[in-house]
Number of protein chains: 2
Amino acid sequence: MSHHKSDAAGADKEFLSTFARGLDVIRSFDTDTPSMTLSAVAEKNNLSRASARRFLLTLQKLGYVSQDDKKFGLTAKVLELGYSYLASLDFSETVTPIMEEVSYQLGESCSALVLDGVDIVYVARIPRRGLIPMNLQIGARLPAYATSGGRVLMASLQSPELEDVMEKTQFEQLTAYTKGPEALRTELSKIRSDGYAIVDQELELGMRALAVPVFDRRGTARFALNSSSHVSSVSMEHIVSEYVPIMQHAARKLTEVLP
Amino acid sequence: MSHHKSDAAGADKEFLSTFARGLDVIRSFDTDTPSMTLSAVAEKNNLSRASARRFLLTLQKLGYVSQDDKKFGLTAKVLELGYSYLASLDFSETVTPIMEEVSYQLGESCSALVLDGVDIVYVARIPRRGLIPMNLQIGARLPAYATSGGRVLMASLQSPELEDVMEKTQFEQLTAYTKGPEALRTELSKIRSDGYAIVDQELELGMRALAVPVFDRRGTARFALNSSSHVSSVSMEHIVSEYVPIMQHAARKLTEVLP
DNA sequence: CAGCAACCGTTCGATAATCGGACAGTTGTT
DNA sequence: AACAACTGTCCGATTATCGAACGGTTGCTG
C-alpha cells in the first residue's frame, strides 16, 4: 500500500528540515552554554555561519532570542512555546485546586504527570513546604519504569503501546530495590487490579512514592497523580490505609471535571 | 551603507519563514483548541492543507505532537523547548534554595521573574501553603507597569530601553489605585533610591506585593524577587520594616552566587 | 446502499526559499 | 601594525517548499 520510502537517504518529502533545524537551534541553548556567539551556534548545530545567523535573526525578530554584545541567548518568550502545551491541558481552573486539597490532606507534595515515550513529564506540581526532596519543576523528566506515576500510566496502556515502551526502556538498577522487566510486568498487573502504584525506594534510596491514574469519562488515562515522601516519615501501611483513599477520591473527582 | 530593504513587501532575505510558521503552528494550540484536525490547523495558520500536514508530520516525527484519531495535539515534549530557557537560567542549584529560605522566613510565596518586553514572566516560584492568591505558574505573564517586580526591573533599565517600554505599555486603570505613566516615573526614581518596590492594590484589589532587583557582579539586573500578600494579613509598615530587609539580604546573597 | 459531505493522503511541476563560499568589515589584543 | 576572532553581506546554485488537483476513506442520510 505504502511506498517504501528511501530509508537510507532519509530525505523525506514531508519533512520540513528548516523547521526542524530551527527547533534544534532553540534546544542547543542549555545550562552549559546559556549564551553563544553566532559561530558557536553554527558549530553546535552543524550549520554554516550564514545559516546560523538566519536562524538567530529569525528568532530575534520573533522575540525568542536576544543579543547581548555578540552573544545570543534565549528570552523568556520561549516559555510561551511550552506554555501552549500547558494551556492545551488547561489544568489551572479545574485540576490544580483538587491537587492542592490532596497536598493539604496528605501534608506532602502532589504532582500531575504524563507519559512521553519512556519518560514521565511533570505537568503540574504542588510542592510541600520546607524540604523539597528533589527539584522537580514542571517539564522535568524521570524514567517511567522506576516511578509510581510512570507505572500507573504504563499499566493503563494497551498491549502494543506497552510493548513499545518496555522495549525502548533502558532498565537500570538505580537502587538495590529497582525492579527489572520481569518483576515490572508482574507489578503492572497488580497495579491494574489495585488501582494504584507504590514505588518503594526503587528510584532513590529513602524515597517512597504513590500514584493513581486519572481517567476521563471515556475511560482513557489522561495523567497520573503522585505524591512522594521520605521513608522515615511514613510507613507503607500508612500509605495504603490513609494516602491511597485520599488520592483515589481525588482521581474520581477529577474524572468528573475533565472534558 | 545599508541597502534599503523592500519595506513594503517585507520579504526579508534573512528571515526563515518556514521556521517562523512552524513556531506559529505550535502556538496555535491553546486552551480553546487543545487538539485540532489537519484542516483546522491549516485554517488557523493560513496554510494550505498540504502545508499544514507537512508541519504536523514534521512535529510528529520529532515527537512534539501526537495524533489521536484524526486529531493532532501537542505532547509534553514541547515543554523541552521552554525548558531550554529555564536550563540556560540555571536556577535550580543556586537560586531556588535562597528563594525557599525567603519564602520560609516571610511565610509567603516567593517568585523570581524577568522582564520580556512590557511584561514580566515568572521563571521560578515557591508557592505558599494553603491559599494561592492567583494561579501563577512558571511562564505566566503580567504587565510590568502594574507589578512590583516589573517596576524594579524597569527602574534598572537604561534610558532608551525604559523609554521603549514606557511607550509600548498600554496603561490601564486596573484598580482605583493603579498609577498612570506620570506617577509611575516618579515612583521609578523612588524605587531606584529605595532599592525595592511596593505595589499596593494597583494590580488587584486586596493584594500587596514587594519586589527587589537581583544584580549580578557586574551590576546588571538579572531578575527580580517578589512576594505578594493579602492586604488583611500584613500592613505596609510591616512589609517595609520586616519583609524588605529579608528580601534585600537574599538579593545580596544571590549576587554572589550568580555567574 | 447510493449519494453526499467532510475529512485526509499523495503527487508533481513550478517557484520561491534557503544555502554556503567568498569577501568585507569590526573589534580587541599583543 | 599585524593578527585573531569574530560578524555582516552578496549572489548564483540548489532544493526545499508550495499548492492545486485528484484519489481515498469515513460516516451520515434518505
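All chains are named by letter (A, B, ...) in the order of the sequence lines, taking the proteins before the strands, and each is independently numbered beginning at 1. Just so you know, these numbers come straight off a predicted model, no measurement behind them.
- Look at A:Thr37 and you'll find a side-chain N or O under 4.0 angstrom from OP1 or OP2 of D:dT7.
- Under 3.5 Å, the side chains of B:Arg54 and B:Ser51 contain a donor-acceptor pair of N or O atoms.
- Against DNA chain C, the stretch residues 66-73 of chain A makes no heavy-atom approach under 4.0 Å.
- For the pair B:Ser17 and C:dT18, the criterion of a side-chain N or O lying under 4.0 Å from OP1 or OP2 is met.
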request  = Could you summarise the pairing of DNA chain C as dot-bracket text, marking Watson-Crick and G-U pairs under 3.5 Å with ( ) or [ ] inside the strand and | across strands?
outcome  = ||||||||||||||||||||||||||||||
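- Summarising the geometry, the separation between CZ on B:Phe15 and P on C:dA17 is reported as 12 Å, rounded to the nearest angstrom.
- Nucleotides of DNA chain D nearest to A:Phe19 and A:Ala40 differ in position, and the one nearer the 5' end is that of A:Ala40.
- No donor-acceptor pair closer than 3.5 Å links the side chain of B:Arg125 to the backbone N or O of B:Ser111.
- Listed by first then second residue, pairs satisfying side-chain hydrogen bond (donor to acceptor under 3.5 Å, both in side chains) with a partner in residues 250-259 of chain A read A:Glu101-A:Lys253, not counting sequence neighbours.
- The phosphate of D:dT17 (OP1 or OP2) has a side-chain N or O of A:Thr18 nearer than 4.0 angstrom.
- Atom pair A:Glu43:CD and D:dT7:P shows a separation of 12 Å (rounding to whole Å applied).
- The 12-atom threshold is not exceeded at CZ of A:Arg218, counting heavy atoms of other residues, nucleotides or ligands nearer than 6.0 Å.
- Counting all heavy atoms, side chain and backbone alike, A:Gly149 lies closest to A:Ile120 at C-CG2, 4.2 Å.
- At whole-Å resolution of the value, CG in B:Leu16 and C1' in D:dT15 are 14 Å apart.
- Among residues at least two apart or in separate chains, ring pair (Phe, Tyr, Trp, His ring centres under 6.0 Å) pairs with a member in residues 19-55 of chain A are A:Phe19-B:Phe55, A:Phe55-B:Phe19.
- In this structure, A:Arg21 places its CZ atom 10 Å from P of C:dT18, rounding to the nearest Å.
- Closest approach of B:Asn45 to B:Asp24, counting heavy atoms only: OD1-O, 3.4 Å.
- Rounding to whole angstrom units, CG of residue A:Asn45 and C1' of C:dG20 are separated by 16 Å.
- Spacing between atom CG of B:Leu38 and atom C1' of C:dT10 amounts to 12 Å, rounded to whole angstrom units.
- With A:Phe223 as the fixed residue, the side-chain contact (heavy atoms from CB on, under 4.5 Å) test singles out one of A:Leu89, A:Leu258, A:Leu113: A:Leu258.
- Sparse packing is recorded around CD of B:Glu43, with 12 or fewer heavy atoms of other residues, nucleotides or ligands lying under 6.0 Å away.
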Below 3.5 Å, can you tabulate the donor-acceptor pairs from side chains in residues 69-78 of chain B to any protein atom, sequence neighbours excluded?
unit_1: B:Thr75; atom_1: OG1; unit_2: B:Gly63; atom_2: O; d: 2.7
unit_1: B:Thr75; atom_1: OG1; unit_2: B:Tyr64; atom_2: O; d: 3.4
unit_1: B:Thr75; atom_1: OG1; unit_2: B:Lys77; atom_2: N; d: 3.1
unit_1: B:Lys77; atom_1: NZ; unit_2: B:Leu62; atom_2: O; d: 2.8

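- For the atom pair NZ (A:Lys44) and CG (A:Asp32), the distance works out to 7.0 Å, reported to the nearest 0.5 Å.
- Looking at residues 46-57 of chain A, you'll see A:Ser48, A:Ala50, A:Ser51, A:Arg54 sit with a heavy atom under 4.0 Å from some atom of DNA chain C.
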